[in-house]
2 protein chains.
Amino acid sequence: MSDRHEVSHMIVRVARAHQLAATCLLRPLGLYLGQELLLMRLWERDDQSQADLAKALSLDPSTVTRTVRSLEQQGLLTRRPSERDRRALVVSLTDEGRALRDQVEHAWSELERAALAGMPDRQRAETLRVLRRLEGNLTAALPEIRAACPPGVPGDPGDPGDPHHP
Amino acid sequence: MSDRHEVSHMIVRVARAHQLAATCLLRPLGLYLGQELLLMRLWERDDQSQADLAKALSLDPSTVTRTVRSLEQQGLLTRRPSERDRRALVVSLTDEGRALRDQVEHAWSELERAALAGMPDRQRAETLRVLRRLEGNLTAALPEIRAACPPGVPGDPGDPGDPHHP
DNA sequence: CATAAATTATTGGCATGCCAAAGAAAACGG
DNA sequence: CCGTTTTCTTTGGCATGCCAATAATTTATG
């Protein structure tokens, strides 16, 4: 063992186990992983622009675009142009979308229950503290890390010369 | 706030921040997220079958297939049929693959450093304990959760009747 | 020993998620 | 007031990751 990156490894493992469980719990509700987060955000505050959602969920705008469209096709929410800002779209819940709330929250409660199983209150509080600290540390470090992260690709072709034109 | 699912929410946030940072750090090395885990496993123990890798990394075999092929095309590893088991493929590192080790481990050390920044040793140990506990709890709960997880789809067409044939 | 069952790898489909680029519309500047 | 810059959304490309189904081979079973 003697791993010098144990915390990172554990973060990866915890995340995958959590995702797998969430995927399973969400499936009977007809939702894919990630869609529930968008809905939760809308349950907390309805009628938001996609940009707001992207910011609140720390998601790429393009991801929000596609997930919102998927949820729209499922009839859980609505997209209509904003009147104040003619380039923004306002996302609103439908009755169907509101109706899903209880089930989704129940699923997430099971997830929470599983994660914290067998922990006394003290330990649960400590768990939350630790996670908050990790999140704070990582998001604090992100700007610096991203600054050193050059744009471009992994399989960098070096010089595209003429990257195809419309 | 008064969120009843704070831990789950934090797990999601920690995971995304971690992934984002890792993606950035790996990019200059020409690696995508996840590929480094496979390589790390091979650095620890070379010449493994894909099934072994899948099990060790808790990955779906099909994911291993594709990631391994990608790494093979980058010249970092080799795939050759096993002699004992004629259906298995043995994955082995190339010199190039071995040469990447230092850089990847350095990148992960930065990740680890960022995650644990400003924590005294005591707190680092506690962090690890918490993550181990979460992982243990979630993977312990997974079988039961998956048992209740019906196969089939989200947008279930109910009865496909004739799900198209080759 | 033949037959049923489990294992290994692959393919195709689908979803999330990122980045990069592009078109509209708004905010900002001189 | 016009030009520049920022913001909002979308599209296309690419990668990971899952599931389901298939083919080949091994192992277990009666």
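In what follows, every chain begins at residue 1, and chains take the letters A, B, ... in the order their sequences are listed.
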### Task
Record whether the side chain of Arg86(A) comes under 3.5 Å of the base of dG23(C) through a donor-acceptor pair of N or O atoms.
no
### Message
Mind checking if Ser82(A) touches a base, just sugar-phosphate, or nothing, with heavy atoms under 4.0 Å?
### Response
nothing
#### Entry: Spacing of Leu20(B) atom CG relative to dC19(C) atom C1', expressed in whole Å
11 Å
### Query
Is any side-chain N or O of Arg27(A) closer than 4.0 Å to OP1 or OP2 of dC14(C)?
no
### Query
Near DNA chain D, under 4.0 Å by heavy atom, which residues of residues 67-78 of chain A?
Arg69(A)
### Message
How many whole angstroms separate atom CG of Leu53(B) from atom C1' of dG17(D)?
### Response
16 Å
### Query
Please give, in whole Å, the distance from dT7(C) C1' to Gln50(B) CD?
13 Å
### Query
Between dT9(D) and Thr65(A), is there an OP1 or OP2 to side-chain N/O distance shorter than 4.0 Å?
no
### Query
Is Arg132(A) salt-bridged to Glu6(B), cutoff N-O under 4.0 Å?
yes
### Minimum-distance nucleotide to Pro61(B) side chain [options: dC8(D), dT10(C), dA20(D)]
dT10(C)
### Query
Between Ser8(B) and Glu112(A), does any side-chain donor sit less than 3.5 Å from a side-chain acceptor?
yes
### Between dT16(D) (C1') and Glu36(B) (CD): distance, integer Å
11 Å
### Query
From dC18(C), dA15(C), dC18(D), pick the nucleotide closest to the side chain of Ser62(A)?
dC18(C)
### Message
Under a 3.5 Å threshold, yes or no: a donor from one side chain and an acceptor from the other, between Glu72(B) and Thr78(B)?
### Response
no
### Query
Taking the nucleotide of DNA chain D with the closest heavy atom to each, which residue, Lys55(A) or Leu33(B), is nearer the 5' end?
Lys55(A)
### Message
At 4.0 Å (heavy atoms only), tell me whether Arg66(A) reaches a base, stays on the sugar-phosphate, or touches nothing.
### Response
base
### Task
For Leu31(B) and dC18(C), give me the distance from atom CG to atom C1', rounded to whole Å.
16 Å
### Task
Not counting sequence neighbours, which residues clear salt bridge (Lys or Arg N to Asp or Glu O under 4.0 Å) with Asp46(B)? List them please.
Arg98(B)
### Summary
In whole angstroms, the gap separating P of dT16(C) from CG of Leu38(A) amounts to 10 Å
### Task
Look at the rings of His5(B) and Trp108(A) and say which category their plane angle falls in: under 30° parallel, 30 to 60° tilted, over 60° perpendicular.
perpendicular
### Query
How would you label the contact of Asp60(B) with the nucleic acid (heavy atoms, under 4.0 Å): base, sugar-phosphate, or nothing?
base
### Task
Could you please name the option among dC18(D), dC18(C), dT10(D) that lies closest to any side-chain atom of Arg146(B)?
dC18(D)
### Task
Starting at CG of Leu31(B), measure out to CG of Leu25(B) and round the result to the nearest 0.5 Å.
11.5 Å
### Message
Distance alone, cut at 3.5 Å: any donor-acceptor contact between the side chains of Ser92(B) and Arg80(B)?
### Response
yes
### Query
Checking only heavy atoms, does the side chain of Arg87(A) share a donor-acceptor pair with the base of dT9(D) at less than 3.5 Å?
no
### Task
Nearest whole angstrom, please: distance from the C1' of dT10(C) to the CG of Leu59(B).
16 Å
### Message
Under 4.0 Å, heavy atoms only, any strand: does Ser49(B) hit a base, just the sugar-phosphate, or nothing?
### Response
sugar-phosphate
### Query
Quick one: Gln19(A) CD to dC14(C) C1', roughly how many Å, whole number?
16 Å
## Note on the structure
Value for CG (Asn137(A)) from CG (Leu142(A)), rounded to nearest 0.5 Å, stands at 11.5 Å
